[in-house]
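Only heavy atoms go into these numbers, but all of them, side chains included; no hydrogens, no water, no symmetry mates. The sequence lines fix the lettering, A, B, ..., with proteins before strands; numbering per chain opens at 1.
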There are 2 protein chains.
Amino acid sequence: MTMMKEIAEEFVALISNLFGRFSELNKGATELSHMQNHVMEFMYMQQRAMNLKEISKGLNVAKQQLTIIIRNLEARGYLTKMPDPKDKRAVLVSLTPKGKEVIEKKWTYIYERFLEKFIRLDEEEQLDFHFALHKLNVLLKKMEDEA
Amino acid sequence: MTMMKEIAEEFVALISNLFGRFSELNKGATELSHMQNHVMEFMYMQQRAMNLKEISKGLNVAKQQLTIIIRNLEARGYLTKMPDPKDKRAVLVSLTPKGKEVIEKKWTYIYERFLEKFIRLDEEEQLDFHFALHKLNVLLKKMEDEA
DNA sequence: TCACTTAGTAAACATTTTATTACTATTATC
DNA sequence: GATAATAGTAATAAAATGTTTACTAAGTGA
């Protein structure tokens with residue numbers, strides 16, 4: 001019982017801990033608005049073509065909004081639309097190479113800042129960190145998959 | 001070298017992994033706008049009274065914006081302002097009990113959804129998870145503090 | 001076939017967020 | 001003590017986001 005509470009609190013602490021990095025993500029990004037960024041980020045993480053409805057649900061944004069947002073992203077060359085062969089009403093949206101590049105550039109920034117700090121840990125701590133990180137990712141994934 | 005790359009990639013994966021929970025955070029929150037939420041969340045994490053300049057820097061938001069945002073939050077009873085005894089130009093902003101409650105309610109939601117999934121892991125996995133989570137938090141904190 | 005639902009678009013409108021400029025009262029510096 | 005820098009406020013315009021209603025074309029199911 002009390003162990004559960006402790007774990008959940010540590011989980012919340014972890015999220016808080018990473019919160020700062022998250023807000024960093026979209027700082028230098030003057031090329032895109034918040035929502036545009038949000039959509040791009042989501043597309044990147046999902047790693048697959050999606051129709052507007054799926055994006056709408058995933059981001060909790062009205063489909064009417066997405067029409068314009070995606071039209072702009074397409075015009076700038078970050079996304080492409082193609083008709084869904086299985087449903088003639090729908091369109092499949094996917095990232096262009098240029099679109100992927102933009103997102104990857106942002107992650108590279110975080111990635112580098114992380115390494116800067118990481119190498120200040122001593123060797124044993126680095127190993128512990130690596131092990132704990134990996135374990136956590138595996139278990140988190142497992143928790144999601146079983147849901 | 002290659003181990004560094006691997007670790008940094010796992011770190012990015014962890015952030016991605018937790019991303020979903022983040023966007024959950026402000027879903028049901030109809031009472032506050034994004035920025036208002038942002039400010040509240042920041043205040044909650046910092047756990048101390050701050051002046052506008054500090055909040056402005058921390059959130060990367062112009063102080064001119066904060067004037068109104070904070071005035072509204074104060075009017076709704078989520079924040080209180082008091083003159084800074086050390087600097088007569090400045091005001092110290094802090095969360096009211098009502099303000100803390102609002103933020104805590106949101107975290108409780110995440111907290112509960114986390115536990116739901118967590119209890120599906122077997123006992124050994126739960127122990128591993130706990131250990132890894134704790135280790136990671138400790139080391140992340142250490143990395144930050146040494147920065 | 002006929003009613004019903006769904007994917008996407010459109011336009012009008014309110015609200016929020018961002019950006020710019022300017023001002024007062026302090027504080028810091030020299 | 002004069003001058004410059006800083007904390008906060010104010011007012012405004014512009015851009016972005018959110019909401020509502022309505023429409024077309026395509027799928028669904030009796």
**Item:** Whichever of A:Met35 and A:Lys88 has its nearest DNA chain D nucleotide further upstream toward 5'
**Value:**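 The residue closer to the strand's 5' end, by nearest nucleotide, is A:Met35.
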**Message:** By nearest heavy atom, map A:Lys86 and A:Ile69 onto DNA chain D; which one lands nearer the 5' end?
**Reply:**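 The 5'-side residue here is A:Ile69.
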**Message:** Let me spell it out: for each of A:Arg89 and A:Ile68, pick the nucleotide of DNA chain C with the closest heavy atom. Which residue's pick is nearer the 5' end?
**Reply:**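 Taking each residue's closest nucleotide, the earlier one in sequence belongs to A:Arg89.
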**Request:** Could you say whether B:Gln64 or A:Ala90 is positioned toward the 5' end of DNA chain C, judged by the nucleotide with the nearest heavy atom to each?
**Result:**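 So the residue in question is A:Ala90.
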**Asked** Hey, what's the ring geometry for B:Phe11 with A:Phe129, parallel, tilted or perpendicular (30° and 60° as the breaks)?
**Response**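 Tilted, since the angle between the ring planes falls between 30° and 60°.
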Take the protein atom [atom1] of [X] and the nucleotide atom [atom2] of [N], then report the distance between them rounded to whole Å.
{"X": "A:Asn60", "N": "D:dT19", "atom1": "CG", "atom2": "C1'", "value": "14 Å"}
{"X": "B:Leu92", "N": "D:dG8", "atom1": "CG", "atom2": "C1'", "value": "13 Å"}
{"X": "B:Arg71", "N": "D:dA11", "atom1": "CZ", "atom2": "C1'", "value": "11 Å"}
{"X": "A:His38", "N": "D:dA16", "atom1": "NE2", "atom2": "P", "value": "17 Å"}
{"X": "A:Asn51", "N": "D:dA25", "atom1": "CG", "atom2": "P", "value": "20 Å"}
{"X": "A:Lys63", "N": "D:dA22", "atom1": "NZ", "atom2": "P", "value": "14 Å"}

Determine the contact category for [X]: base if any of its heavy atoms lies under 4.0 Å from a base atom, sugar-phosphate if only primed atoms, P, OP1 or OP2 are that close, otherwise nothing.
{"X": "B:Asp84", "answer": "nothing"}
{"X": "A:Lys53", "answer": "sugar-phosphate"}
{"X": "B:Val91", "answer": "sugar-phosphate"}

Would [X] and [Y] pass as an ion pair if we require N to O under 4.0 Å?
{"X": "A:Glu10", "Y": "B:Lys135", "answer": "no"}
{"X": "B:Asp145", "Y": "B:Lys141", "answer": "yes"}
{"X": "B:Glu101", "Y": "B:Lys105", "answer": "no"}
{"X": "A:Asp87", "Y": "A:Arg89", "answer": "yes"}

Just to confirm, is there a sub-4.0 Å distance from OP1 or OP2 of [N] to any side-chain nitrogen or oxygen of [X]?
{"X": "A:Ser33", "N": "D:dT17", "value": "yes"}
{"X": "A:Gln65", "N": "D:dG18", "value": "yes"}
{"X": "B:His34", "N": "D:dG18", "value": "yes"}

**Item:** Hydrophobic cluster identity match, A:Leu115 and B:Met143, side-chain contacts under 4.5 Å
**Value:**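 Yes, same cluster.
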**Item:** Positional range of nucleotides in DNA chain C within the contact set of chain A, heavy-atom, under 4.0 Å
**Value:**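 The contact span of chain A on DNA chain C goes from C:dT6 to C:dT18.
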**Item:** Interatomic spacing from CZ in A:Arg120 to CD in B:Glu144 - rounded to 0.5 Å
**Value:**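 Result: 9.0 Å between the selected atoms.
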